[in-house]
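Chain A is the first sequence line, chain B the second, and so forth, proteins listed ahead of strands; every chain is numbered from 1.
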Amino acid sequence: MIKNANEENLYDIIAHNLCVIDNTIDYNIKNNIKLFRISSDLIPFGSNPINTLPWIELFKSEFLDIGKKILTSGMRVSMHPGQYTVLNSFDEGVVKRAIDDLNYHALLLDSFGIGSDHKIVLHIGGVYNDKKAAVKRFISNYQYLEQSVKKRLVLENDDKSYNICDLLEIGTNLNQPVIFDNLHNKINSCDKEKNDYYWINECRKTWREKDGQQKIHYSQQDCEKSRGAHSNTIRINEFMEFYNNLEMKDMDIMLEVKDKNLSAIKCINSTLKKNDIKLLELEWSKYKYAILEKSHIDYIGIRKLLQNKNDYPVIQFYNFIENALEKQNDMGGSINAALHVWGYFKDIATIKEKDNFFNKFDAYKQEKISIKIIKSFLWKLAIKYEQIYLLESYYFLF
DNA sequence: TGACGTCAAGATCCG
DNA sequence: CGGATCTTGACGTCA
């Protein structure tokens, strides 16, 4: 909160955030995830004058260490100021804050010591009942941006105001690359006759050598929620249909999805040129108890599916996973999975922990508490007893 | 004035 | 106290 934004707090939060992002990058490297969006909140109040901390100097070596990891692993990062960064506003103060905010994003990426292929993604902003004038204002305010911002800037179509035609016009005019977002284009399209691939090819023309590979945003609609809401997970069949029809695959596809890393790994495994069933076995080790909890039938099905070690039935595997996770919780499955996980501790837990577990377990059976309580207790035990296998498990996420 | 997006952290209430 | 549930926030546009 802004009232807590004193130098000591800011210092502590930044140190903590850098530590977290460092761990996240290690995770990405381990999982072969090559695209990563860095949160704009990495530096709290990064573009607000209330933050007077000279964070660039104070954390110089931490930034450079992280930057080195990004570069040596071949990772590509990006940042995405949200809907509140509006460069084409009528209000001069809003425009000034938007410029300050973009400068902050560029400074942050510069601090990592990484090249101009690591992008800052921006939407155009408001319409104010006159799109032509609003675009004109965007273009003229663009001139006030620092070179450090311009070299990283990419422009994206949004879900209600500026469609992909608008973006191609603006991007071409300013000689800035355009990011195509498939879901935004679906709900705010300029020409329904043209498909995604047409627009992707058009956007390709706006990417220059120094921008790195073309990048697009890919997401799917959450069918239960309002138009434009991102799905919990990437439905693999739908993704593969999109991917298989992509003519040029030399591009980066940034997934926008609630379960982030899970879908990233899913799509990576599904599109690998060189594959090995060991990758699916590794995934299975993480999903196992979540699936056991949701659906015993799918649990058996997956075990059978992975029996042939020369096979790589990746799509069938994720179909099973998606199918199982969509099912409603039932108490029998939850009890079964919880007991399996408890199996890791039954011989090492203290008497007190045993009592605690079975008290909670009985309370759950009598519907007095939710399964979440059991799971968070088991999670604490996994940490205490350093059960690596469980610490990697997705069981605790669902 | 609230919805929009985002979601962890904080506040509050309950037993 | 643990746990469940509700509220909040740095930001701007639009209906």
Side-chain angles (χ1 to χ4, degrees), chain A residues 1-6 9-10 12-14 16-17 20-21 24 37-53 79-105 108 120-131 133-135 137-138 141 156-162 181 183-184 187-188 217 219 221-222 224-232 255-261 352-353 355-357 359-364 366-381 396-397:
Chain A
M1 261 192 294
I2 201 151
K3 64 176 182 192
N4 298 326
N6 58 56
N9 283 343
L10 289 170
D12 293 346
I13 294 168
I14 294 169
H16 176 256
N17 288 353
V20 168
I21 198 180
T24 308
R37 180 181 293 172
I38 294 173
S39 165
S40 295
D41 293 333
L42 183 67
I43 308 296
F45 307 101
S47 62
N48 190 313
I50 197 166
N51 186 343
T52 52
L53 200 70
M79 298 189 78
H80 191 3
Q83 60 192 306
Y84 301 109
T85 303
V86 184
L87 189 60
N88 73 343
S89 176
F90 265 115
D91 183 328
E92 272 181 41
V94 171
V95 175
K96 187 190 174 290
R97 287 192 287 279
I99 293 171
D100 288 346
D101 197 39
L102 289 166
N103 285 338
Y104 149 70
H105 284 83
L108 183 51
I120 299 169
V121 184
L122 183 69
H123 292 294
I124 302 303
V127 172
Y128 315 94
N129 294 319
D130 185 350
K131 199 185 254 187
V135 168
R137 228 169 23 255
F138 184 89
N141 288 343
E156 184 193 352
N157 56 321
D158 68 68
D159 56 347
K160 41 179 179 295
S161 304
Y162 292 91
D181 183 301
L183 187 58
H184 290 163
I187 56 184
N188 178 29
H217 285 174
S219 59
Q221 173 71 45
D222 183 325
E224 320 265 271
K225 298 211 189 107
S226 63
R227 262 160 63 95
H230 293 151
S231 60
N232 280 323
L255 304 177
E256 292 181 316
V257 59
K258 301 269 185 212
D259 73 356
K260 299 182 173 77
N261 48 323
K352 214 177 143 190
E353 284 160 351
D355 285 349
N356 201 338
F357 176 74
N359 284 339
K360 284 191 164 69
F361 199 63
D362 288 340
Y364 171 66
Q366 291 164 39
E367 297 186 46
K368 285 181 183 159
I369 60 169
S370 76
I371 191 68
K372 274 167 80 177
I373 309 302
I374 308 271
K375 285 194 186 188
S376 71
F377 180 70
L378 289 168
W379 176 247
K380 280 180 198 155
L381 291 180
F396 303 99
L397 302 180

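Neither side chain, A:K352 nor A:N356, offers a donor N or O lying under 3.5 Å from an acceptor on the other.
Residue contacts shown for A:K225 are absent, as no nucleic acid heavy atom lies under 4.0 Å away. Here A:K260 lies in heavy-atom contact (under 4.0 Å) with sugar-phosphate atoms only. Within 4.0 Å of A:H230, counting heavy atoms only, lie sugar-phosphate atoms of the nucleic acid but no base atom.
The distance from atom OG1 of A:T85 to atom OH of A:Y104, rounded to the nearest 0.5 Å, is 10.5 Å. Going from atom NZ of A:K368 over to atom CG of A:N359 covers 10.5 Å, rounded to the nearest 0.5 Å. Atom NE2 of A:H123 and atom NE2 of A:H80 lie 3.5 Å apart (nearest 0.5 Å).
Classified by interplanar angle (parallel below 30°, tilted 30° to 60°, perpendicular above 60°), the ring pair A:F377/A:F357 is parallel.
The same atom, C1', is picked in C:dA4 and in B:dG5; the two are 25 Å apart, to the nearest Å. With P as the reference atom, C:dT5 and B:dT6 are 23 Å apart, rounded to whole Å.
Residue A:S89 comes nearest to A:Y128 through the heavy atom pair CA-OH, 3.1 Å, listed as atom of the first residue, atom of the second, then distance. Taking all atoms of both residues into account, the shortest heavy-atom contact from A:E156 to A:V121 is OE1-CG1, 3.4 Å. Considering all non-hydrogen atoms of both residues, A:H230 and A:K258 come closest at O-CE, 4.0 Å.
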Extract from the structure each pairing of a protein N or O with an N or O of nucleotides 1-3 of chain C at less than 3.5 Å, listing the distance.
unit_1	atom_1	unit_2	atom_2	d
C:dG3	OP1	A:K360	NZ	3.2

- Note on the structure: Each nucleotide of nucleotides 7-15 of chain C classed B (base within 4.0 Å of a protein heavy atom), S (only sugar-phosphate) or -, in 5' to 3' order, makes --SBBBSS-

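Distance NE2 (A:H123) to P (B:dT6): 10 Å, rounded to an integer number of Å. Separating the CG atom of A:L397 from the P atom of B:dA8 is a distance of 11 Å, rounded to the nearest angstrom. Distance, A:D259 CG to B:dT6 P: 13 Å, rounded to whole Å.
Across all strands shown, B:dT6 remains unpaired; no Watson-Crick or G-U wobble contact has both distances below 3.5 Å.
Ion pairing between a basic and an acidic side chain is recognised when a charged N comes within 4.0 Å of a carboxylate O; A:D101 and A:R97 show no such pairing.
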